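First the structure, in the form of structure tokens, and then the observations on it.
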Amino acid sequence: MRHLLSAADLSLPEITEILDLAEEMSTVQNRPVKKLPALRGRTVVNLFFEDSTRTRSSFEIAGKWLSADVINVSAKGSSVFKGESLRDTVLTVAAMGVDALVIRHHASGAPWQASQWIDAHVLNAGDGTHEHPTQALLDAFTLRRHFRRTDPTMIDFSGKTIAIVGDLTHSRVARSNVLLLQTLGAKVVLVAPPTLMPSGVGSWPATATSDFDDVLGACDAVMMLRVQRERMSGGYFPSAREYTVGYGLTRDRLNLLRPGTAICHPGPMNRGLEISADAADAADSLILDQVAAGVSVRMSVLYQILGGADDPASSPVREATLR
Ligand code: NCD
């Protein structure tokens, strides 16, 4: 794998390999010394033009636990604020000899553009309303673990129904998840008010509805999306209260889910708007598992791209354990 730009670029065997290696990587999280030598001497730059807590810090931790040198560059405090173009910023960072660039940008397609300009590997950490492939991978990792608790032999997601609910129009998380979940064989149901249902949703590999209550009892997982007010220019719904009544995962809706239905949210959450505290903190809420999975999955992806992925026999965790 040269770059990771879109979830659509990943085949089922590639996704399985990333998730399986992430399982191995996750063992590092419980060690007193969280360090593998796999990416020693490699340099990763996190280039973030948009705010981030989880994605940036987990890419940083992932790189550091694999012994790469990780540098964070954010738009605030960089020459971007002096008017430098994306191309000049990307070329400048690449000219220092970095091996991989992790990019988050408000423009859809920015990481792809960057991959055309430089030789370094490019990883998409969220581009506008387009895609967020590592989020979809960490969601798949978390859900696979959840489903395997009752069915340890499960390989793909066939037979599973996953609802993605909320601000679909502005969600790169939803787009990457629809693509990845399709490859994994899941049935995806998109739920949003008509004003937040993306145009062209009919061509997505998913079914769409504006009736959340209608699908509640038929899901194996519900993935709640943040209402992205910063991307909204007008009124997409009459009031926060009405949004919650129609599309929030409220305490009443929680009671309509089948037992064991997984509750996911990529964060940051608007508690009380798209998700109630009862749902966020419920026994079947996987929200903090998603955060932990973010580190393991990003370790796996960085290793696949920068490490000895050409040698399928090598396992960084096993190698390090033998040292
Ligand atoms: C998401 C993002 O930034 O796309 N968050 C994340 O990466 N964990 C979703 C969001 O901001 O709502």
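Computed from a prediction, not measured in an experiment: that's the story for all the values here. All values below come from the heavy atoms of this structure, side chains included, with hydrogens, waters and symmetry mates left out. Atoms within each ligand, like the ligands themselves, are counted from 1 in listed order.
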Can you pull out the closest protein heavy atom to atom 8 (N) of ligand 1? Residue, atom name and distance to 0.1 Å, please.
P266 O, 3.0 Å
Rounded to the nearest 0.5 Å, what separation is found between the CG atom of L47 and the CG atom of N72?
10.0 Å
Of all the non-hydrogen atoms in the protein, which one sits nearest to atom 9 (C) of ligand 1, and at what distance?
G267 O, 3.6 Å
P111 and E131, any side-chain heavy atoms less than 4.5 Å apart
no
Atom pair CD1 (I61) and CE (M299), whose distance is rounded to the nearest 0.5 Å:
10.5 Å
Using the six-membered ring of F48, assess whether NZ or CZ of R104 lies under 6.0 Å from its centre and within 45 degrees of the ring axis.
no
Who's the nearest protein heavy-atom neighbour of atom 3 (O) of ligand 1, and how far?
R172 NH2, 2.9 Å
Heavy-atom distances under 4.0 Å are what count here, so tell me which part of Q135 touches ligand 1: side chain, backbone, both or neither.
side chain
Would you say CD1 of I155 has more than 12 non-hydrogen atoms from neighbouring residues, nucleotides or ligands within 6.0 angstrom?
no
For ligand 1, which atoms have a heavy atom of Q228 less than 4.0 angstrom away?
10 (C), 12 (O)
Decide if atom CZ of R258 counts as having more than 12 heavy atoms of other residues, nucleotides or ligands within a radius under 6.0 Å.
yes
Identify, by atom number and element, the atoms of ligand 1 in contact range of T55, meaning under 4.0 Å from any of its heavy atoms.
6 (C), 7 (O)
So which heavy atom in the protein is nearest atom 11 (O) of ligand 1, and how far is it from that ligand atom?
R226 NH2, 2.9 Å
Please verify the inter-ring angle class for F49 with H106; under 30° counts as parallel, over 60° as perpendicular, anything in between as tilted.
perpendicular
Check each atom of ligand 1 against the heavy atoms of H132 and keep those under 4.0 Å away; list them by number with element.
2 (C), 4 (O), 6 (C), 7 (O)
Atoms in ligand 1 flagged as close to R104, the criterion being non-hydrogen separation under 4.0 Å
2 (C), 3 (O), 7 (O)
